[in-house]
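To keep things clear, I will list the structure first and then write my remarks on it.
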Amino acid sequence: MTDETNDAYVPSQMAKRAEASAIRKANRDMVSAFFLAVQAGSFIAFGAAFFTHVVHDMELGVGLTKLIGGMTFSLGLILVIIAGADLFTGDTLVVMGCFTGKVKVGKMLKGWLFVFLGNLAGALAILLLVHFSGHWLGNGGAVGAKALSIANAKVNLTFVQAFASGMLCNILVCLAIWLCYSSRSVADKILSIIFPITAFVAMGFEHSIANMYFIPAGLMLKSNPNIVGLLGGADLTHLTMQGFLLGNLLPVTLGNMIGGAIFVGTIYWILYLRKPTD
């Protein structure tokens, strides 16, 4: 006989688990919520730093380079889910608890803001440690040059590009988290995470929390003439604090919110938690 306890949870059960998670997150005390958010920001920054180091000198062609880079970046969400942390982009699924009436909208929005700021603090903390470690000077400064190039590409997106890319990114991130609700083991969760996260990174979509590491890294490296020189006269005029906050982080964050809350959270609430009307 089949041991059903080893089977994956089906979507109707996954929706209940997602709702329960939303309720837990909405009712956490602020100290726990903040430190869980700091952890998540640092974990995503580790994934971003790992990605940069792995792809900085690869010569396998664009597709394979991005594929391998996406797999390495998956480290970030794996740490968030398995180690336990609170990530803003994933928390857009808390909207499912709002629709069922078990989480107040005001509490959800307050939680989003608190987690967003905690994620920022965690990402910047790892950024400073990476800076002081001399990591970017590796391979004759090529690691830093790649980090600078990544940041510069991000601040040169148009508002619409950044917004749409943010939506696409968080659809995949939240689908990865949704798949984790089907899991009964650590291995199941890791496999659920790898493919959606690899996909969004390989296709170049924008993640607000990852960009809290990527773009400030570029802002720091911009002041290093040796690193800048390795880019061969690249135009860095848009790589400014304004370019970071208004040109990238604002539209990407809005896109992340809509992609996760509407295209994943709302859809699965409609499918599995909505009470049908006669």
Side-chain angles (χ1 to χ4, degrees), residues 41-42 44-76 120 123-166 168-169 197-253 255:
S42 65
I44 296 299
F46 274 127
F50 188 29
F51 164 85
T52 305
H53 183 77
V54 168
V55 304
H56 86 274
D57 64 346
M58 292 186 70
E59 298 179 356
L60 295 176
V62 175
L64 282 175
T65 297
K66 289 186 174 182
L67 175 66
I68 295 171
M71 293 178 69
T72 61
F73 184 82
S74 299
L75 168 69
L120 176 61
L124 294 179
I126 297 303
L127 173 73
L128 289 174
L129 290 174
V130 169
H131 168 68
F132 288 121
S133 75
H135 171 75
W136 290 323
L137 303 179
N139 196 14
V143 176
K146 182 63 177 179
L148 180 58
S149 176
I150 290 170
N152 194 45
K154 290 179 178 297
V155 297
N156 277 286
L157 296 172
T158 66
F159 191 97
V160 172
Q161 287 173 328
F163 177 78
S165 187
L168 291 166
C169 165
I197 300 305
T198 297
F200 106 68
V201 176
M203 290 187 283
F205 300 146
E206 295 288 305
H207 190 273
S208 57
I209 311 306
N211 289 356
M212 292 174 180
Y213 171 87
F214 280 126
I215 302 178
L219 291 171
M220 294 182 74
L221 288 162
K222 184 181 177 182
S223 63
N224 186 323
N226 294 325
I227 299 295
V228 173
L230 294 174
L231 295 187
D235 183 5
L236 302 176
T237 55
H238 291 104
L239 187 56
T240 62
M241 188 60 70
Q242 180 177 335
F244 168 44
L245 296 176
L246 300 181
N248 183 276
L249 192 61
L250 174 62
V252 169
T253 299

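- In plain terms, the two heavy atoms of Val143 and His53 that are nearest each other are CG2-ND1, 3.9 Å.
- Distance check, rounded to the nearest 0.5 Å: CG of Leu137 to CG of Asn224 gives 7.0 Å.
- For the residue pair Pro251 and Gly247, the shortest heavy atom distance occurs at CG-O, 3.5 Å.
- Smallest separation of non-hydrogen atoms from Leu60 and Thr65: N-OG1, 4.0 Å.
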- request: Decide side-chain contact (heavy atoms from CB on, under 4.5 Å) for Ile215 and Leu239; before the verdict, give the C-alpha distance in whole Å, the side-chain angles of both, and the deciding distance to 0.1 Å.
  value: CA-CA 8 Å; Ile215 302 178; Leu239 187 56; 4.1 Å; yes
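- A donor-acceptor pair under 3.5 Å links the side-chain atoms of Ser165 to the main chain of Glu206, judged by distance alone.
- Rounded to the nearest 0.5 Å, atoms CZ (Phe159) and CG (Leu246) are 9.0 Å apart.
- A heavy-atom distance below 4.5 Å is not found between the side chains of Ile227 and Trp136.
- Not a single donor-acceptor pair under 3.5 Å links the side chain of Ser149 to the backbone N or O of Lys146.
- Panel note: side chain Asn152, backbone Leu148; no donor-acceptor pair is recorded below 3.5 Å.
- Going from atom NZ of Lys154 over to atom CG of Asn156 covers 12.0 Å, rounded to the nearest 0.5 Å.
- Shown here is His238, whose NE2 atom has no more than 12 heavy atoms of other residues, nucleotides or ligands within 6.0 Å.
- Of all the heavy atoms in Pro216 and Leu127, the pair that sits closest is CB-CD2, 3.4 Å.
- When atom types are taken as modelled, the side chain of Ser223 and the backbone of Leu219 share no donor-acceptor pair closer than 3.5 angstrom.
- The two residues Leu231 and Ala145 have their closest heavy-atom pair at CD2-O, 3.5 Å.
- Only one option out of Val54, Ile44, Thr198 pairs with Phe73 in a side chain to side chain contact (heavy atoms under 4.5 Å, CB included); it is Ile44.
- Lys222 approaches Thr240 most closely through the heavy-atom pair NZ-CG2, 4.1 Å.
- Summarising the local packing, CZ of Phe46 is surrounded by 12 or fewer heavy atoms from other residues, nucleotides or ligands at distances under 6.0 Å.
- Interatomic distance, CG of Leu249 versus CD of Gln242, reported as 13.5 Å (0.5 Å rounding).
- The structure places OH of Tyr213 at 12.5 Å from OG of Ser42, a figure rounded to the nearest 0.5 Å.
- We find the CE-NZ distance between Met203 and Lys66 to be 10.5 Å, quoted to the nearest 0.5 Å.
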